[in-house]
Amino acid sequence: GKWRTLRKASGGIVCKTETEKQWYQTQSTGGGILQKCFTEGGIKREDVFITSKLWNTCHRGEDVEPACDKTLSDLQLKYLDLYLIHCPVALEAGPELFPKR
């Protein structure tokens, strides 16, 4: 059914219900795959539950919305169905994914 259609539309890559983690730096690739699934795979966006996660360096209040906006942009989506905190332990804010301190 739908998984077979997703696999075919994505060129053999199975679209997951949970989006790629920022850590793997594959969100933008995932966005292209999602769009291909929606445009060529016969899958409607509203029929797929998409989850993403807030990375550990973006826990400060002023960082959450820009981080979510980047995720939406990378995934080429207008909305997420669920946005989780990746881990309840915050890392030092900044551009590094794994700060030294």
Side-chain angles (χ1 to χ4, degrees):
K2 287 187 179 183
W3 285 112
R4 189 176 342 216
T5 303
L6 286 170
R7 186 177 294 119
K8 182 178 178 185
S10 64
I13 299 171
V14 177
C15 297
K16 300 176 185 178
T17 53
E18 182 177 322
T19 59
E20 302 296 326
K21 295 177 184 173
Q22 182 181 0
W23 177 20
Y24 300 120
Q25 299 182 347
T26 55
Q27 283 190 146
S28 56
T29 302
I33 292 169
L34 286 171
Q35 289 311 306
K36 190 171 183 180
C37 291
F38 299 145
T39 58
E40 299 174 22
I43 303 298
K44 295 179 185 173
R45 166 61 184 96
E46 58 268 20
D47 291 338
V48 180
F49 191 90
I50 299 177
T51 301
S52 191
K53 297 177 183 177
L54 177 67
W55 187 245
N56 301 338
T57 57
C58 301
H59 283 203
R60 294 184 320 184
E62 63 270 19
D63 295 334
V64 175
E65 190 171 344
C68 185
D69 288 342
K70 180 175 180 347
T71 295
L72 290 170
S73 175
D74 286 350
L75 295 176
Q76 302 173 40
L77 297 172
K78 293 181 181 177
Y79 68 94
L80 295 168
D81 296 289
L82 183 62
Y83 195 50
L84 300 169
I85 295 174
H86 186 271
C87 178
V89 177
L91 299 177
E92 182 179 352
E96 298 293 322
L97 290 178
F98 297 100
K100 301 278 187 239
R101 296 192 258 161

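Keep in mind that this is a model prediction, so the values were computed, not measured.
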Once side-chain contact (heavy atoms from CB on, under 4.5 Å) is applied, do any residues pair with [X], and if so which ones, sequence neighbours excluded?
X: Asp81; value: Arg45, Phe49, Ile50, Tyr79
X: Gln76; value: Gln35
X: Lys44; value: Glu46, Asp47

Q. Which residues satisfy the side chain to side chain donor-acceptor pair (under 3.5 Å) test with Glu62, sequence neighbours excluded?
A.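 Only Arg60 meet the side chain to side chain donor-acceptor pair (under 3.5 Å) criterion with Glu62.
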Q. Going from OG1 on Thr71 to CG on Leu77, what distance comes out if it is rounded to the nearest 0.5 angstrom?
A.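 Taking OG1 in Thr71 and CG in Leu77, the distance rounds to 9.5 Å.
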Q) Between Cys58 and Asp63, what is the shortest heavy-atom contact and its length? A)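 Shortest heavy-atom separation between Cys58 and Asp63 comes out as O-CB, 3.7 Å.
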(Q) Is any side-chain heavy atom of Asp69 closer than 4.5 Å to one of Ser73? (A)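 With C-beta onward as the side chain, the pair stays apart.
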